[in-house]
Structures are given as structure tokens and as C-alpha cells.
Amino acid sequence: MSKKTLIIGAGGVGNVVAFKCAMNAQIFGEITLASRTLSKCDAIAKNVKAKVGVELKTATVDADSIPQLIELFKALTPDIVINVALPYQDLTIMDACTACNINYLDTANYEHPDTAKFEYKEQWERDEQFKEANIMALLGSGFDPGVTNVFCAYAQKHYFDEIHTIDILDCNAGDHGYPFATNFNPEINLREVSANGRYWQKNDDGQGEWIETKPMEIMQVWDYPEVGEKESYLLYHEEMESLVKHIKGLKRIRFFMTFGQSYLTHMKCLENVGMLGIKEVEHKGQKIVPMEFLATLLPDPASLGSRTKGKTNIGIYAKGIKDGKERTIYIYQISDHEKCYEEVLSQGVSYTTGVPAMIGAKLILEGKWQGTGIFNMEEFDPDPFMEELMVQGLPWKIEEKSNSQK
Ligand code: NDP
């Protein structure tokens, strides 16, 4: 019987998911794109029809409202909900999915709008709820989290008996020509990069502990194939929370992201004058949240597509033991912003997030990734996902490194 797919969120990532599901319409069946603003869904549907020839249905929904979500789910009866709205909506969409017995997928873990903190706790706590409803939730099926988790699982399965250290390396060498803009939702992006950094390591007693760093305190230069050497800064990133649970023998895991000096200077100035604040302030009798106001001023990430040139390179560096010998491998994926735009009218950051969201959903609908309860990406067999990456637009490479390298 033909499947039904519901995508929630008509932003940069939602656009890519809509295109890619339409390109795989034999699996996704009847596809509906729903968001707060119907006109954004209709604009995407029009482009998909023109470029891919597939008709999408569109709908409006406030995903902060469980009753509205349930009403929509009952009307559409989808087999899967792909949540590419904002992390603030994760819990409401998950609860509506369990109320209607529909599989769930997202690309970013839950964040509370009033607290700049993200963790899996509240989503993992819903495991029993998903089991009782006999459905599954796949968390973090974007690039990072997402593909980076799958790269780690693939390294563990095929290259190591034990992985000791992982460095996740995220480089976006794209240039959009604006003095300052963010590549995905500005509020989510700036909250992430202005927060304290954190990495995990085992102490001398063998206990895992999180080490906190100041924002941008640790910088390392990494050499990214097809991009070159880039200053990369240690950040906290959510996939580390699940990877420390699931990767055998791990002793340390860190996450690095590249930033240009101009981006960092702008961010520091904005922070110094209070524009990154997430608490309400009073302005001429009106309450405003500085970060939300800043997001209104900055270019819409969806509009960067046509102007962004250059490449992204995201991967993992893993060191460990195989057959008693030390081994180091680097698995990475390079995307070209202009090629992404040519294919789906989006820049590389939305593309590299939207394609894995589609692949995760495809594997669930095909029954290749199955289960009941809540899952992170590395808990499933990485092979079918890695195969899909190769053919759906995100081909990857593996390099064996000599152990003298980082
Ligand atoms: P955008 O801001 O471009 O789009 C978000 C969309 O969600 C908008 O269309 C917006 O509504 C819609 N939305 C927001 N609130 C609601 C609501 N209450 N009800 C219904 N729809 C709502 O963000 P991106 O596309 O850049 O990012 C989407 C998600 O992808 C985010 O969660 C982000 O964190 C994640 N992400 C994950 C990455 C990864 O590698 N794992 C990397 C990059 C992003 P409207 O219809 O009004 O426009």
C-alpha cells in the first residue's frame, strides 16, 4: 500500500527534505508539507512541481499546539512525520505522534526557548511512551548530528575493535557575500556557538566526565581536504551525548567547527551589546527578546542559497585499535554550495541536513531501520545509510592516516 509522509517546517531544511522526498516519491508516497506559514509551503511545492514533477500537498499548523498537530495527523494519517521545524517543537510533535501512533524523525534535539541548553533527556524520557504506542523515533537525522553518528558506527563496525578517540570536524568554507549571516536558523545557530564549549573524556579512574571550556577557548588548525587549513573551535555538540553511550571503549570525544575571524568579531560585538540575550527586555513599552530581534534583522538563511559559493567538509577522525594495532581513520563528506543550489534551490548547510533526514525516513519506511522506542542514529546498522548517502547526493570518502597525524 502506498505510504504517506508529513514534513513539518518549511524553512531551508524543509525545502531540501521536500525536494528529496519528491525525488524518492515511490517510497514516500503522498507527501504533505506543513508549516506555520502556508505561503512558504506553497512556494516550495511550486518549485518541487516545476523541477521534479511531483505534486506535494500543503497545510498550515502551529506545531507548538498538540491539539492542532493531532487534528492534522488524524486528517492525513501519515506513516511518518519528519520534523524539520525548530528544536522548540520536538516534544509537542513527539507527543502528538505517540497519541496517533505515527513514527517520528528529527534533526536537532529539544531546546527550551527560555534556556540556552540542549540535551536528549526529555526526548529519551519518552522511550516508554513510544514503545507503548508501538512506534519509533529517530533522533538527530541531519548531518551533525546524523551522518557524523553514522560515520562513527561505520568506523566501529568495519575498522576498529575499539575506538579510543573521536574528533568531529565541521567545516563550512562557503561565502555568501554578507558581512554577517548564519547558515541555518540564526537563533538556534547563535545560541549554539555563543554557549560554553564542552568535551568528554575518561579520567584516570576510568570515569567519563564532561570538561567545560569558555566559548571559543580551544582552537586547533585542521587540514580539510579540498578546502585547506582552517582555524577550528571546540564547541559542545549534541551527538556527543549519545555517542559516549554507544561507542565501545571511547576515551575522549570532541567537536570542532570552523569560523572566520569576521564572523567571530561580529558575534563578539553582538554579544557585548546584549544582542544575543534570550530574556525579554522592555523597549518603548514593548517586550522584545534581543536574539529574536536580531534574527529578524539578519538575512533569512533560505535566501543565502543563490549567493553562496564554496564547499562544506564534515567528517570524523577516529583513533583506536584493530587486531592489536593502533589505527587512525578519517571519514568525510564534501558538498559544493552551488551544486546543491542547482539541484534543490538551497545552500549546502540545508542540503547536508535535509538529505540525511530524507534517508533516515526512507530506511524507516522501507523497514531497514526498525524498532519501537527512541533511537539515536548510531544504534542502527550504518551500512544501508552509508549506501544511500552515496547515491542521494552526499558521497563520502575514507582515508587511512598514519598515527603520527592528529
Ligand atoms: P528555518 O528557520 O529556516 O525553518 C524553520 C521552519 O520551521 C520555518 O519554516 C518555520 O515556520 C517553521 N516553524 C517554526 N516554528 C513553528 C511552529 N510553531 N509551527 C510550525 N512551524 C514552525 O530553520 P532551518 O530549516 O535552517 O532548520 C530546521 C531544523 O534543522 C532546526 O531544528 C535546526 O536546528 C535543524 N538543523 C540541523 C542540522 C543538523 O546537521 N543536524 C543542521 C542545520 C539545522 P514558518 O512556516 O513560519 O516559516
Side-chain angles (χ1 to χ4, degrees), residues 6-19 32-45 58-69 72 81-93 96 105-111 113 118 123 138-151 168 170 172 181-193 235 237-240 242 255 257 291-292 295-296 298-305 312 314-315 333 335 344-360 376-377 394:
L6 172 61
I7 305 162
I8 303 183
V13 179
N15 174 64
V16 179
V17 177
F19 264 96
T32 305
L33 175 61
S35 201
R36 216 171 21 193
T37 316
L38 187 64
S39 58
K40 290 198 187 173
C41 303
D42 289 339
I44 292 173
T58 58
T60 179
V61 70
D62 177 1
D64 290 321
S65 155
I66 296 177
Q68 274 199 33
L69 288 163
L72 180 70
V81 171
I82 304 176
N83 167 19
V84 280
L86 296 178
Y88 313 134
Q89 282 85 46
D90 286 2
L91 300 183
T92 46
I93 300 179
L105 176 148
D106 67 30
T107 65
N109 71 3
Y110 174 66
E111 281 185 57
F118 45 101
Q123 290 183 279
L138 182 61
L139 305 184
S141 189
F143 207 105
D144 48 338
V147 176
T148 49
N149 304 56
V150 176
F151 283 173
I168 301 168
D170 179 334
N172 176 12
T182 61
N183 293 295
F184 63 96
N185 184 278
E187 214 181 307
I188 304 298
N189 186 214
L190 291 168
R191 275 165 69 133
E192 176 178 283
V193 301
L235 298 184
H237 224 243
E238 63 204 56
E239 63 264 52
M240 292 192 286
S242 68
F255 180 96
M257 191 180 271
M291 177 79 96
E292 286 177 5
T296 306
L298 291 175
D300 176 359
S303 72
L304 301 178
T312 63
I314 314 176
Q333 197 285 321
S335 284
V344 300
L345 307 175
S346 272
Q347 38 84 358
V349 175
S350 302
Y351 188 89
T352 55
T353 310
V355 173
M358 179 280 290
I359 294 175
N376 290 90
M377 306 288 286
L394 296 176

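Each ligand, and each atom within it, is numbered from 1 in the order the structure gives.
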Fill in the blank from the handout: closest protein heavy atom to atom 3 (O) of ligand 1 is G12 N, 3.2 Å
Problem - Contact check, side chains of I314 and V147, non-hydrogen atoms, under 4.5 Å - result: no
Practice task
Ignoring hydrogens and angles, tell me if any N or O in the side chain of Q123 forms a donor-acceptor pair with the backbone of N109 under 3.5 Å.
Solution key: no
Problem - Any P145 heavy atom less than 4.0 Å to ligand 1 - result: yes
Exercise for the section: Say whether A85, considering both its backbone and side-chain N or O atoms, lies within less than 3.5 Å of an N or O atom on ligand 1. Expected result: yes
Completion exercise
Minimal heavy-atom distance between N149 and M377, with the atoms involved, is CB-CB, 3.7 Å
Practice task
Run the numbers for me: atoms of ligand 1, each under 4.0 Å from some heavy atom of N185, listed by number.
Solution key: 2 (O), 23 (O), 26 (O)
Handout entry: N/O separation below 3.5 Å, A108 to ligand 1
Key = no
Exercise for the section: Flag the pair Y351 / L394 as yes when at least one side-chain heavy-atom distance between them is below 4.5 Å, and no otherwise. Expected result: yes
Practice task
Kindly give the heavy-atom pair with the smallest separation between P299 and A181, and that separation in Å.
Solution key: CG-CB, 3.8 Å
Practice task
Would you mind running through ligand 1 and noting each atom that sits below 4.0 Å from a heavy atom of D64?
Solution key: 18 (N)
Problem - Identity and distance of the protein heavy atom lying nearest atom 5 (C) of ligand 1 - result: L86 CD2, 3.8 Å
Fill in the blank from the handout: The closest protein heavy-atom partner of atom 48 (O) of ligand 1 is K40 NZ, 2.6 Å
Practice task
Using heavy-atom distances, let me know which of T92, T148, T353 sits nearest atom 37 (C) of ligand 1.
Solution key: T353
Handout entry: Parallel, tilted or perpendicular: ring planes of H237 versus F255, cut at 30 and 60 degrees
Key = parallel
Handout entry: G14, any N or O under 3.5 Å of ligand 1 N or O
Key = no
Practice task
Say whether F143, considering both its backbone and side-chain N or O atoms, lies within less than 3.5 Å of an N or O atom on ligand 1.
Solution key: yes
Problem - atom 45 (P) of ligand 1 [closest protein heavy-atom partner, distance rounded to 0.1 Å] - result: T37 OG1, 3.3 Å
Completion exercise
Among non-hydrogen protein atoms, atom 19 (N) of ligand 1 lies closest to A63 N, 2.8 Å
Handout entry: V84-ligand 1 polar pair, N/O distance under 3.5 Å
Key = no
Practice task
Among D106, V16, V13, N15, find the one that has a side chain to side chain contact (heavy atoms under 4.5 Å, CB included) with V84.
Solution key: V13
Exercise for the section: Determine, using heavy atoms of A10 and all atoms of ligand 1, whether some pair is separated by less than 4.0 Å. Expected result: yes
Handout entry: Flag, side chain of T37 to backbone of K40, donor-acceptor distance under 3.5 Å
Key = no
Practice task
Could you tell me whether a side-chain N or O of E192 sits under 3.5 Å from a main-chain N or O of N189, the two making a donor and an acceptor?
Solution key: no
Handout entry: Check: I8 and L69 side chains under 4.5 Å, non-hydrogen atoms
Key = yes
Practice task
Could you tell me the residue and atom name of the protein heavy atom closest to atom 20 (C) of ligand 1, and the distance to it rounded to 0.1 Å?
Solution key: V61 O, 3.2 Å
Practice task
Using a strict 4.0 Å cut-off to heavy atoms of I188, name the atoms of ligand 1 that fall inside it.
Solution key: 34 (O)
Exercise for the section: Heavy atoms only: give me the nearest Q347-P301 pair and the separation to one decimal. Expected result: NE2-O, 3.8 Å
Handout entry: 4.5 Å side-chain heavy-atom contact, V17 and L105
Key = no
Practice task
State whether the shortest distance between N or O atoms of G11 and N or O atoms of ligand 1 falls below 3.5 angstrom.
Solution key: yes
Problem - Any P301 heavy atom less than 4.0 Å to ligand 1 - result: no
Handout entry: R36 backbone acceptor or donor facing T60 side chain under 3.5 Å
Key = yes
Practice task
Return a yes/no value for V13: is any of its N or O atoms, backbone included, closer than 3.5 angstrom to an N or O of ligand 1?
Solution key: yes
Handout entry: Identity and separation of the nearest protein heavy atom to atom 35 (C) of ligand 1
Key = T107 OG1, 3.3 Å
Practice task
Return the minimal non-hydrogen interatomic distance between D64 and T92, and the atom names on each side.
Solution key: O-CG2, 3.5 Å
Practice task
Quick one: look up the protein heavy atom nearest atom 18 (N) of ligand 1 and list residue, atom name and how far away it is.
Solution key: D62 OD1, 3.0 Å
Problem - pair Q333-F151: side-chain heavy atoms closer than 4.5 Å - result: yes
Problem - Close N or O approach (D300, ligand 1; < 3.5 Å) - result: no
Exercise for the section: Report yes if I8 has an N/O atom closer than 3.5 Å to an N/O atom of ligand 1; otherwise report no. Expected result: no
Exercise for the section: Using heavy-atom distances, let me know which of R36, H237, Q89 sits nearest atom 11 (O) of ligand 1. Expected result: R36
